[in-house]
Amino acid sequence: MPFKFAILAGDGIGPEVTAEAVNILRVVAELGGHDFQFTQHLVGGVAIKSAGTPLPTATLDAALESDGVLMGAVGGNEFNALPPDKRPEAGLLQIRQALGGFANLRPAFAFKALGENSPLRADVIKDVDILFVRELLGGLYFGEPRAWNKDTHSAWNTMRYTRDEVIRVARVAFELARTRKKKVTSVDKANVLEVSQLWRAAVTEVAAEYPDVTLEHQLVDSCAMLLMSVPRHFDVVVTENLFGDILSDETGVISGSLGMLPSATIGGAVNLYEPVHGSAPDIAGTGKANPLGAILTAAMMLRYSAKLDQEAAAIEAAVNQVLDAGYRTADILRGNQPGQQLVTTKEMGLHVHSALTHLIDTRQSMHGV
Ligand code: IPM
Ligand code: MG
């Protein structure tokens with residue numbers, strides 16, 4: 001059965017890192033005999049320039065017809081003066097809403113080879129493996145009313161959730177916890193916000209369906225601190241949209257670079273896959289971008305959309321091998337460590353390519369005996 005992947009490379013370093021991710025997917029297809037089909041579409045700033053809108057209809061239609069959407073990044077300095085609904089980021093929010101995925105999975109883990117890269121002590125981050133489940137379609141990002149009234153010099157946004165919106169994302173968190181360490185931390189601000197009180201009540205309701213999974217509630221401020229002081233405490237963390245946006249970037253510190261982190265948004269008509277990093281316009285076109293976040297995002301796409309778990313695991317293993325061998329893009333190079341070699345975006349992609357080829361060849365020959 002063919003898998004149709006829509007590639008929305010976007011702005012800044014998006015096209016460079018996405019190209020490497022697609023190369024890796026091609027390797028998987030070739031070696032595993034899978035039929036992956038790729039089409040490229042415009043989103044973000046490039047779409048504003050050529051089509052006058054950050055999410056052209058043709059892009060949205062192609063995304064809705066695909067089996068998975070792989071995004072690069074959107075945004076650029078030249079658009080900073082535009083109002084929120086005209087900026088490249090609006091294209092991202094529109095496509096999230098149109099595809100309907102409400103559960104944004106953001107893993108945060110310590111890579112063995114990058115233990116010294118984090119500003120956190122190596123013994124604090126050792127073996128950390130956290131999975132954020134960020135609610136992606138509600139809360140302050142989409143709540144109405146919202147406005148900036150320039151006459152009265154006041155502005156407002158609305159944090160709003162329904163019980164059903166909380167229940168559906170909580171179920172995703174509990175299901176995933178079952179495949180991991182069976183622990184869910186739900187994050188809110190229930191000591192102040194009514195919406196958090198509803199959140200807490202709804203998550204507690206869902207917990208009753210999962211007696212094998214432990215649930216704890218944490219307030220967002222103390223959770224932010226615990227994520228840095230005892231990150232090993234956490235397994236699956238479920239939280240509302242804005243808290244998840246902030247905490248998942250904070251937790252990115254554990255891996256040493258945002259350039260390493262993937263994400264997947266599931267639960268809608270078509271799943272959406274984006275590396276956590278932004279478009280980094282300052283380094284676009286210089287070969288400095290780290291493609292590993294995009295490559296690991298492609299691995300999540302194989303796992304959650306194509307159900308190719310072994311292939312996804314092989315990509316993850318290949319990335320770790322390349323890091324173990326000392327290859328580093330500029331963002332993860334540390335001056336004081338021996339055995340590292342600075343590589344460009346393309347070279348990093350090629351190293352993952354050859355590690356992956358080797359891994360899959362070895363597996364296939366093992367299956368052959
Ligand atoms: C993210 C980003 C986006 C968000 C922006 C670019 C709209 O920060 O994916 O975390 O806030 O969701
Ligand atoms: Mg963010």
Exercise for the section: Verify whether one side chain among Gln321 and His358 offers a donor that lies under 3.5 Å from an acceptor in the other. Expected result: no
Practice task
Tell me yes or no: between the side chains of Gln218 and Thr185, is some donor less than 3.5 Å from an acceptor?
Solution key: no
[atom2] on [Y] to [atom1] on [X], rounded to 0.5 Å:
X      : Y      : atom1 : atom2 : result
Leu333 : Lys288 : CG    : NZ    : 11.5 Å
Arg134 : Ser263 : CZ    : OG    : 8.5 Å
Leu247 : Leu242 : CG    : CG    : 9.0 Å
Thr18  : Ile13  : OG1   : CD1   : 8.5 Å

Handout entry: Over-ring placement of Arg168 relative to Phe102, 6.0 Å and 45° cut-offs
Key = yes
Between [Y] and [X], is there a salt bridge with N-O shorter than 4.0 Å?
X      : Y      : answer
Lys4   : Asp67  : no
Asp235 : Lys182 : no
Glu89  : Arg87  : yes

Determine all donor-acceptor pairs shorter than 3.5 Å in which one atom belongs to a side chain in residues 70-77; sequence neighbours excluded.
none

Anything under 30° is parallel, anything over 60° is perpendicular, the rest tilted; go ahead and classify [X] against [Y].
X      : Y      : answer
Phe109 : Phe111 : perpendicular
His351 : Tyr327 : parallel
Phe5   : Phe3   : parallel

Exercise for the section: For a salt bridge (Lys or Arg N to Asp or Glu O under 4.0 Å) with Asp129, tell me which candidate from Lys183, Arg232, Lys181, Arg180 qualifies. Expected result: Arg180
Practice task
May I ask you to check whether over 12 heavy atoms, not counting those of Glu116, lie within 6.0 Å of atom CD?
Solution key: no
